[in-house]
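This report concerns only the one structure given below.
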Amino acid sequence: MDFDFTPEEEAFRDEVRRFVAENHPGTETPDPGAMKKWCEKLVERRWIGFSWPTEVGGGGGTVLQQFILKEEMSAARAPSLGFDFMGLTWVGPALIRWGTDQQKRRFLPDLLNARSLWCTGYSEPDHGSDLGSLQCRAVREGDEYVVNGQKIWTTLAHRAKWIFMLVRCDTDSSPSKVRGITCLLIPMDSPGIEVQPIVSLTGVHSFNQVFFKDVKVPVGNRLGEEGQGWRVVMGALAHERSGISEATEKVRHLEDLIELARGSRKNGRPALEDASVRRKLASFQARISAMRLNGVRHLTRQLRGEAPSTETSINKLLRGSIEIEMSELALGLQGSEGQCEGDWQARSLNFHGTVIGGGSPNIQRNIIAERILGLPKD
Amino acid sequence: MDFDFTPEEEAFRDEVRRFVAENHPGTETPDPGAMKKWCEKLVERRWIGFSWPTEVGGGGGTVLQQFILKEEMSAARAPSLGFDFMGLTWVGPALIRWGTDQQKRRFLPDLLNARSLWCTGYSEPDHGSDLGSLQCRAVREGDEYVVNGQKIWTTLAHRAKWIFMLVRCDTDSSPSKVRGITCLLIPMDSPGIEVQPIVSLTGVHSFNQVFFKDVKVPVGNRLGEEGQGWRVVMGALAHERSGISEATEKVRHLEDLIELARGSRKNGRPALEDASVRRKLASFQARISAMRLNGVRHLTRQLRGEAPSTETSINKLLRGSIEIEMSELALGLQGSEGQCEGDWQARSLNFHGTVIGGGSPNIQRNIIAERILGLPKD
Amino acid sequence: MNFGFSEEQELLRQQVRKLLDEQCPMNEVRRLIETPEGYSRELWKQLAELGFLGLLIPEEYGGAGLGWVDQVVMFEETGRTLFPSPLISTLLAASVIGDIGSEEQRRRWLPVIADGSRIGSLALLDQADVWSTEGVRLTARRRGDTFVLDGEKPFVVDANRADLLVVAFRTGGDDADLALAVVDGDVPGLEVTPVPTLDRTKCLGTVRFDDVQVAAQDVLGAPATAGPAISRVLDRGAAAVCAEMIGAAEAALASTVSYAKDRIQFGSPIGRFQGVKHPLAEMYTDIESFKSLVYYAAWALDRAPARVPLAVSEAKAFGSLAFSRIGIDGVQLHGAVGYTEEYDIQLYLKRSKWARPMFGDEDHHHDRIASLGGY
Amino acid sequence: MNFGFSEEQELLRQQVRKLLDEQCPMNEVRRLIETPEGYSRELWKQLAELGFLGLLIPEEYGGAGLGWVDQVVMFEETGRTLFPSPLISTLLAASVIGDIGSEEQRRRWLPVIADGSRIGSLALLDQADVWSTEGVRLTARRRGDTFVLDGEKPFVVDANRADLLVVAFRTGGDDADLALAVVDGDVPGLEVTPVPTLDRTKCLGTVRFDDVQVAAQDVLGAPATAGPAISRVLDRGAAAVCAEMIGAAEAALASTVSYAKDRIQFGSPIGRFQGVKHPLAEMYTDIESFKSLVYYAAWALDRAPARVPLAVSEAKAFGSLAFSRIGIDGVQLHGAVGYTEEYDIQLYLKRSKWARPMFGDEDHHHDRIASLGGY
């Protein structure tokens, strides 16, 4: 058991801090020009794709360096590490592991140089939480696949250049299997693709429905073999879900919340003198620490080459309740102001997206109860 | 909508108050001698079996008088209205509705004169919450039934003189039906009955297992017809579960809890100055008021001759969470003293019996979800 | 003792429900909140014609002379459909005039409120979220026979559409010097700045007074009556909000139940799973209990004034917590679609966030319950 | 950075588990708590011989010279089986002697603790539930070279079986005048009144001092070192209780999971229903998170003293809430049998009620987190 960092790791932390001090554009969400500059600086350091091997042009950072990088960036409220979140999280790692040399040459440089924008086609209507039963079909015709079907909750599909797409290739009639699932890389300007926006409860357009009608995809755009799609996706997933960045994000929200409390009054007295407010804040702090430490356990497994365990489901559950309670406290502190538009108000609505995304709390509870505790399936 | 009582009802309330002032033995749990005296006074007034019709010797009290009687008794922390809770709650009403003249003559006087002690045989091992699938069998042989089987959670079986017993009479092999269920009245000293104690987590013996081996019961001891047992029991149930006495009991526990808080300190200050303590107490108060008012709705349905609705399940759910949270607050206020033996400590363990008795919270939730909201059965 | 609605009240409920279902279904609500006014003047007129704006106004002033229990029935229905309108504000303004206004003042304002030609609102607190007379700080200067107001009242509901505002201010240092007056919405020096709301079926504005003159004849009530009147109307406001919360919470539950029956996942309607079914049962439990508390408070408003403060606080404390949970759980049980603009459940979530602080949140009312209980 | 136990630590866990499973299974626990002593002296000796009583005691004083992470491993196992013994008390008493005792004092007491011949405990607070030096009020009189104690320490764990007590008292008005001394369990004037406990695997007593004399050589540490030592041992105590809570919570979960798999109702194991499955998943989530916090606190005790107070408070606050819920839900999910003396789950419920206030409950530690965080 050791929660210290090596002197080398601490030195790297200092390097990140210096970098941030010099290059932070002053806001987490800079305008496109400033964001471009920020990304160029990151590209120089190879901090985009930092944990990817140097052979493919990545930064060759260790798991812990990656952890330090993310934690410091988040703590400093720096803009994100590039803007192609889906590409860097899902597509890059999958390409490195499963891609042909040609695919790597074609896609990785854009990813590493912050010139890409990917979306991912997983969820489908009626199968939101049940990936194994997806229906979108690809039929091989000569050197092409012909894709028909529909995806939903596709983040940024209206802006992405490519989609990292799961389809079903098998002709087997029983659909509830992961065996036939295949991964295709499809340009979003392919004929036959239609994108329809889904507007969120705060009026923001980030999700989409994507319709595929006889979309032709060259066989060379298949990532991995036919039927391997599930493994292609899951391998990438495992390595990007320590939950530490979520914990760091919550640390910042807690700081904001404490500031809000500092400026609020409750029952005619400063809100921070109210025992229930203080204890709620402290309870968030303890739970966020638990999230962070659960993430560190996940890292340790990675370092030891062990399979990831349930830390992800655990942290998603912790996070869900923290999000709800923090929002309720924030709006409670705001009182009438909470009825108006504002950051906390938007957050109190928006978290529903993050809580549900990647499996609702009930799905996480089923995973834990069935896979870990061995309870019978429902 | 009217929450007032008539002048006559208020006069009756005064009568109850005067009675209590004159006759209260000074404790809720008097010794047998004092309890006997208390019961004699109640019998004089016909307040045992108060709501039963005068034709059978009951008090002929109205629903609202009964409500007032119970509420005032509870508020004054008077001893219970007689000690044969099961007999008065279940057996008497069932006898009045379904009993033969002979049965009424035989059993009702003892009930009304506080000379009876009944237990009820409903639950069986493996069918705690699922009454319809009970297994205890009665086979007719001439003028007798021969009963074989087992009951569990039988309160006071080790002291009761009679058991109000549900058995299965049908020879139909499919067991999951209420059709074959029949009600028998069986003396506890019948040959073939064996009582085994179940000790509670606080070391108290109140529950039992009761084994029946070839117990012979005259056919004249059947209440209602063969196969009517379910209706015999349910009819009685409906009229005794407004939940108002539970609410009144909780009012008294809340008074105790406020007193406890008044004498406790939290973080070096009087506990009642602690915002979270005060708000928890207030939240109990609001929820207890809701329980009481839900009970009043139940009463109104009774007065209007409507079928009872879900007030019982609702109040059981409310009560469960109130019990848990009150116990947690009480022990929290006690601090180290909460680690020792004491009233609140025992209550914090004992409520598990009342919360589970008559259907666990999950069963109540199923009832509401399926019967009221129309959701599919699991 | 009778916990139930009369036949007349059930009839009233059906009438209001029919009207709203026909004239203001959810797509109309969604359309209206995009308009500058945010509500339908025609429908307002229609409500007036049907007598629904003056339920609580005595018959001699053009109203129906009914009570709070009746009014609660109506609010349950307007809450159910998230009906956008200045109904609560107008009714509360009228209730203050009816409460302490002179005969002349009542004759002047109540009939024009009941017939729908005047919309009213309350501008009581300038100290936000202090839901008592302590929240009134604005102090008037005297200029001859008139009072002059300079200051600001934040978070005034329906400020932008009110023809008349019942304004609270102080004329001295004591609570006896509290005053209430009716101020015209377009009086010189009064400026309303609308504030964008999360729940767009409701409107808020900041009211700024810049040398606004209040004539003596517009001041309500005898001296020293304003303070108690403010306390009373705050309780009435909380009760009104509670009644709308009941309807909204029931609609949120109904919508979620219906989704749980229709949505198939892993081969079953999700409503089969206890993970969905049990939270729905809890919602039902909370709503039914909340109803009990609110109906009792409404009865107390009509018949037992001494019991009002506690009854209202118990209802609002319970309901603020319960409806907040219902909003959140409702959205969550809808899964991903709960997060979309398209489904109605999010509108109920937003309503829950509106209702919680309105006339005091659960902390405020729990604190008040404790104080009233002497602990 | 390495979040995991070493092979040696895993081996230690296996050894302790094997010993307890063989020598002190639950029926033996139930037997022991009915005996006057409440624990097994033979097993205590055996623990000593295997070196388990001196894990934290340096090798030169007869211990194993290990750290808190190792100790936590052992406590997880004693918690799992609700092992009744004065282990935590003895270890904490030794830790104070090791912390500020002189070389001579260490030589005198640590070896006899490690070899099992002396049982120790702490008698720090006379102000119950004030878990800081403020809770120490007992003031000693001076008589020549000795201090004289008159007063009472309530809720002293294992008071009735301790051979030596580490007693806190004051010699003046400042915190610098706080003192700690080792007092013999059978010194004249010291009287222990046992107090019946809810969790009978644990013992409590009131210690009464009636003209008890403390020799100068029994006073621990240089002047002004006692206050900080008290603060440190309170944190260590909380960590020790937390470690036992992990084991107990895991056992409660395991017992409930196993019941849920075996118990058939409505034709299925009840563990199939989400109403049972989901609370079990929440228990698991809480336990795993609690472990993370406790392991970190244990590491901090070994390696990063400045991080101890916050780490311990986060762990104890989280664990007090989580374990309380686990105890209650565990009993409830057992249905009616959870209420019986026969099933073990009730013993874990009682342990949760023991553990919650011990060294500060969730409110205390949340308040402390807030203070440490400057809010």
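Sequence lines set the chain letters: A, B, ... in the order given, protein chains first and strands last, and positions in each chain run from 1.
Note on C/Asp361 versus B/Arg279: no salt bridge recorded, every NZ/NE/NH1/NH2 to OD/OE distance being 4.0 Å or above.
For B/Glu273, no part lies under 4.5 angstrom from a heavy atom of chain C. In this structure, chain C has a heavy atom under 4.5 Å from the side chain of B/Leu303, while its backbone stays farther away. For B/Ile372, the part lying near chain C is the side chain, with the backbone staying farther off; criterion is any non-hydrogen pair under 4.5 Å. In this structure, chain B has a heavy atom under 4.5 Å from the side chain of C/Glu282, while its backbone stays farther away. For C/Arg307, the part sitting under 4.5 Å from any heavy atom of chain B is the side chain, from C-beta outward, and nothing else. For B/Leu281, the parts sitting under 4.5 Å from any heavy atom of chain C are the backbone and the side chain alike.
Between chain B and the residues C/Leu280, C/Thr285, C/Val69, C/Val257, the largest count of heavy-atom pairs under 4.5 Å involves C/Thr285. If you tally non-hydrogen atom pairs under 4.5 Å between each of C/Ala281, C/Ser292, C/Ser371 and chain B, the highest count goes to C/Ser292. The most heavy-atom pairs under 4.5 Å with chain C, out of B/Thr300, B/Val277, B/Ile258, B/Leu272, come from B/Thr300. Taking chain B as the reference chain and counting heavy-atom pairs below 4.5 Å, the highest number among C/Asp363, C/Leu310, C/Leu253, C/Val276 is found for C/Asp363.
B/Lys377 has its side chain out of reach of C/Arg272: every pair of non-hydrogen atoms, C-beta onward, lies at least 4.5 Å apart. Side-chain contact between B/Asp4 and C/Met1 is absent, with no heavy-atom pair separated by less than 4.5 Å. Side chains of B/Asp2 and C/Phe3 form no contact here, defined as non-hydrogen atoms less than 4.5 Å apart. The shortest side-chain heavy-atom distance between B/Arg278 and C/His366 does not fall under the 4.5 Å cut-off. Using a 4.5 Å cut-off on side-chain heavy atoms (C-beta onward), B/Met1 and C/Asp302 make no contact.
By the 6.0 Å contact criterion, CZ on B/Arg262 is enclosed, its count of non-hydrogen atoms from other residues, nucleotides or ligands being greater than 12. At most 12 non-hydrogen atoms from other residues, nucleotides or ligands lie less than 6.0 angstrom from CG of B/Asp343. No more than 12 heavy atoms of other residues, nucleotides or ligands shown are found within 6.0 angstrom of CD on C/Glu134. Under a cut-off of 6.0 angstrom, the local environment of CZ in B/Arg304 is crowded, with over 12 non-hydrogen atoms contributed by other residues, nucleotides or ligands.
Minimum interatomic distance between B/Ala286 and C/Ile369 (heavy atoms only, all atoms of both residues): CB-CD1, 4.3 Å. Heavy-atom minimum distance, C/Gly271 versus B/Leu375: O-CB, 3.8 Å. Taking every heavy atom of both residues into account, B/Ile314 and C/Ser289 meet most closely at CG2-OG, 3.7 Å.
Interatomic distance, C/Leu372 CG to B/Gln285 CD, rounded to the nearest 0.5 Å: 8.5 Å. Separating the CG atom in C/Asn2 from the CG atom in B/Leu299 is a distance of 11.0 Å, to the nearest 0.5 Å. For the atom pair CG of C/Asp286 and CZ of B/Arg287, the computed distance is 9.0 Å after rounding to the nearest 0.5 Å.
Side-chain atoms of C/Tyr375 and B/Glu255 include no donor-acceptor pair closer than 3.5 Å.
For the pair C/Lys277 (side chain) and B/Pro376 (backbone), a donor-acceptor distance under 3.5 Å is present.
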Under the salt bridge (charged side-chain N to carboxylate O under 4.0 Å, His left out) rule, what do C/Glu288 and B/Arg297 come out as? Steps first, then yes or no, please.
-> CA-CA 10 Å; C/Glu288 290 303 309; B/Arg297 274 166 93 178; 2.6 Å; yes
